[in-house]
Structures are given as C-alpha cells and as structure tokens.
> 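Can you keep this structure in mind? I'll have questions shortly.
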Amino acid sequence: MTLMEDAKNGIITPLIKAVAESEGIDAETVRSCVAKGLITIPKNIVGRSRPMGIGKYMSTKVNANIGTSRDYVNIDMEVEKAKVAEASGADTLMDLSTGGDLDLIRQRIMDSVNMPLGTVPIYQAAASHKVVVDMTSDDMFNAVRKHATDGVDFVTIHSGVNLHALERLRKSDRIMNVVSRGGAFTIAWMIHNGEENPFYREYDYLLEIAREYDMTISLGDGMRSGCIHDSSDRPMFTEFVTLGELVKQARSVDVQTFVEGPGHLPVDEIELSVRSMKELCDGAPLYFLGPLVTDIAPGYDHITGAIGGTVAGMYGVDFLCMTTPSEHLALPTADDIREGATITKIAAHAADLVKDGQRERARARDIEMAKARRDLDWEAQYRLAIDGKRAREIRENRITSSDACSMCGELCAMKIVKDALGDNGK
Ligand code: SF4
C-alpha cells in the first residue's frame, strides 16, 4: 500500500500524523489532502528521511541543491554542503551529482542528513556514456529503479518533454531554448534517436517503479524559461497541459507527485504561472525553481530567486528551490549553500505570512520578534531570527555601552518612547 492509497482508504498513518503535528494542522485534513494529491509527503519505503509535507495548508518548503560536476568531484565537500543545508533550515535536499561515483556520493549524502532526498536519475543514465544521446531507454529506467531501491524519496522526471512540446519549441522565438539539464538531455536524445521520450511513452512503467517504493515523482519542467524573454510562452504552457494529465495518471495508481515550475519570470507573470499550473494540475503541489525575476544579477541570484519565491509563494507555490550566489556562474561552495538556503527560507516565511493555513502560525513568530525588539531583549531576538548566529555576530562585533545597539545608542527610539509612555509602553 502506498501512502496515498492508505489516505484514500481513510487511514491516518503515523507519517500523516507526524506531518499534521509538525504543521499544526489536524490529521484528518492532512489525510484528506494526501488522498486527493493536494499534499505530498515524499518518503520512500526504504528511506530514513523525516516526515515532510508539501502542499495545501503546509508551510512553504525549501529545497537545497547540491552535487558534484564532471569537473569537480569532492565527496567530503558535498557531504559538508548537505549538512550546511540542513543546518540552514532547508527542508529537502537534491543530489544533482554528475561526476564521480554517483552511487557512492548519493549514499554518503543520504547517510549524513535526514531530510527527504531527491535526485534526477537521468543524470546517472547519461553519466555512463561519453555522449548523452548514447544512453538507452533501459539506462533511464534502470537509473530510476536504482535510485528507488537506494531509498531516494523523490525523483525529477521530465515526462512532460514530449514530441508535441518539442514541436512548440521549434516554432518558438526563444533566446535560450532549454535550460533544464534533464530537459536538455531528453530533447537531445529524442532528436538524435527520432523517438518519443521514454519517460512519456512508458509513463505507466515509471509509475510502477514509483509505486513499488512509494517514491514521489517530481514532474520536471523541462521547458521552463531560462530568461525573462522566454517566459510564459507556448512550449511552457504546452508542457503544463501534459504535466496536468500526468498528475492525474499518477493519482489513479496512488503515486504521489508534485510539479516543477519556472525558472525565470518577470514579477507580473508569476501569478499567471501559479494559477494556471494549479488549475491544469488539479491543485498538485507546485515546486518552483526560483523564479528569478531578472536576468542581470549574476552573483546575486539568490536574491532574484527569493523575490520571485515570495511572490510565487503568496499565490500558492508550495515548495521553493533555493538559488545561490553562484547560480549561472560556478558549482556552489558550502558558504553559497548556507546563504542560498537561508535567503530562500526568508522568502518562504514571507510567503507564509499571507498564506491560508499558515498565516497565524507564521505571524506569531513575527509578533514575538516585534515584542523582543521593543523590549531590547537581544537573546529572544537571536532565538527568533531565521539566522540568529549572524544577528548575534553583527550586534556583538559593534560594541555599544548602551543596552540598545550601536546604531543610535542612548538615542534609541525604543528606550525613549518606552520612558515617555511609562506603563503604556508595555
Ligand atoms: S538603537 Fe536604534 S537601531 Fe538599535 S534597537 Fe534602538 S532604535 Fe533600533
């Protein structure tokens, strides 16, 4: 029985109960949403990850991407990045390794953290060949099965990149064509081999594997826009339509899904993307990669992604993939992961402040922080801060003789107004 099957049968499993408790939502609501595919709890039956709910009424979750490249393979560094991501508040982790012993890297990463782990199995299928297009459809499915048996909780599969979407791409006026790595592998393979994408053609078989291990399918957005110019166009929406059909098919055999979204989007198109994807995918949880709201800030794309992430979260995106300062430039360092995860966590919280189901809970923390600020209670401020360590370092490295901070010292507005108001100052 998969979790979705149990939920459809009215069973509140320990996993559902644990998610309900951690989110402050009643368990029956979580069960009902899991049954309908509105909440996804990625958890492979052989995995050891902690329960994590993504979707309706849940707090906005953050994923951190790590992984080697063919140019740079340092397993210890990837393990360190995984730990840093977890310590920085990331909710899930994706191992996107493409270089070195991929099985060993994945295992080391899984052993080092207990966040749900995601992968993109086609990277491993391609890695066994010098040229990507030489992989076979067996390589692709074998990689999925291998990741499932290893306990991976969710896999990104670009089943929506089919011949129909490819035709729309050819007719488009895109500048950057395809920027999704898995999408690019798939398209190159389809063109080279003159065949339909095996993950679309044999989607039933993919679902069989996923069902066997209760592994969640993250339906990849292979046609996501890689620049503002390419956003919200026919290839993107063509793929969305297919992804909606694939969500339904997965639900019919009790396999959990969530759906990836763009990419690069100007702020005024984010609402359109979110609402149309939610509609086309029957409320499936959405996982946005950013979205980055401008193309001209390399070095600061964790900020462009956080701006887009907040807006996307406000309109209903459930899961944000962090970007780091290295985005578009280089393989991220552990410090980049820390910064990217923290900033995306801020974006997620900002979205939760206005989101159904989480608004009250999220606001309670802001209210506590406001009181701690008013009372100049620094320890409480550090405890409530998303990055209390950084807050402490900044304040304590700029000494003041005042119990306020070195910005205004004895001219602190909090002190002055509190003295003036007396007991009314609370
Ligand atoms: S000194 Fe100024 S900046 Fe610092 S807590 Fe008081 S009002 Fe705020």
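Remember, it's 1-based here, ligands and their atoms both numbered in the order they're listed. FYI, the numbering just counts along the sequence from 1.
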> Measure the acute angle between the ring planes of F258 and Y287, then classify it against the limits of 30° and 60° as parallel, tilted or perpendicular.
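Judged by the thresholds at 30° and 60°, the geometry between F258 and Y287 is perpendicular.
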
> Can you list the ligand 1 atoms lying under 4.0 Å from a non-hydrogen atom of C412?
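With C412 as reference, the close atoms of ligand 1 come out as 1 (S), 6 (Fe), 7 (S).
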
> Within less than 2.8 Å of atom 2 (Fe) of ligand 1, any N, O or S from C408?
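C408 does place an N, O or S atom closer than 2.8 Å to atom 2 (Fe) of ligand 1.
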
> Less than 4.0 angstrom from a charged side-chain N to a carboxylate O is my criterion; do K146 and D150 meet it?
yes

> Taking 4.0 angstrom as the limit and counting only heavy atoms of A413, give me the atoms of ligand 1 inside it, by number and element.
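Near A413, meaning under 4.0 Å from one of its heavy atoms, ligand 1 has 7 (S).
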
> Any atoms of ligand 1 less than 4.0 Å from a non-hydrogen atom of M407? List them with their elements.
3 (S)

> Return the closest protein heavy atom for atom 4 (Fe) of ligand 1 as residue, atom name and distance.
C405 SG, 2.3 Å

> Looking only at protein heavy atoms, which one is nearest to atom 8 (Fe) of ligand 1, and what is the separation?
M414 CE, 4.5 Å

> Does R106 come within less than 4.0 Å of D103, counting only side-chain N to carboxylate O?
yes

> Can a salt bridge be assigned to the pair E393 and K389 using a cut-off of 4.0 Å between side-chain N and carboxylate O?
yes

> Does R390 CZ have over 12 foreign heavy atoms under 6.0 Å away?
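Atom CZ in R390 is not packed in, count stays at 12 or less.
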
> Any donor-acceptor pair under 3.5 Å linking the side chain of D318 with the backbone of M58?
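Checking the backbone N and O of M58 against the side chain of D318, no donor-acceptor pair under 3.5 Å is found.
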
> What protein heavy atom is closest to atom 5 (S) of ligand 1, reported as residue, atom name and distance in Å?
L376 CD2, 3.9 Å

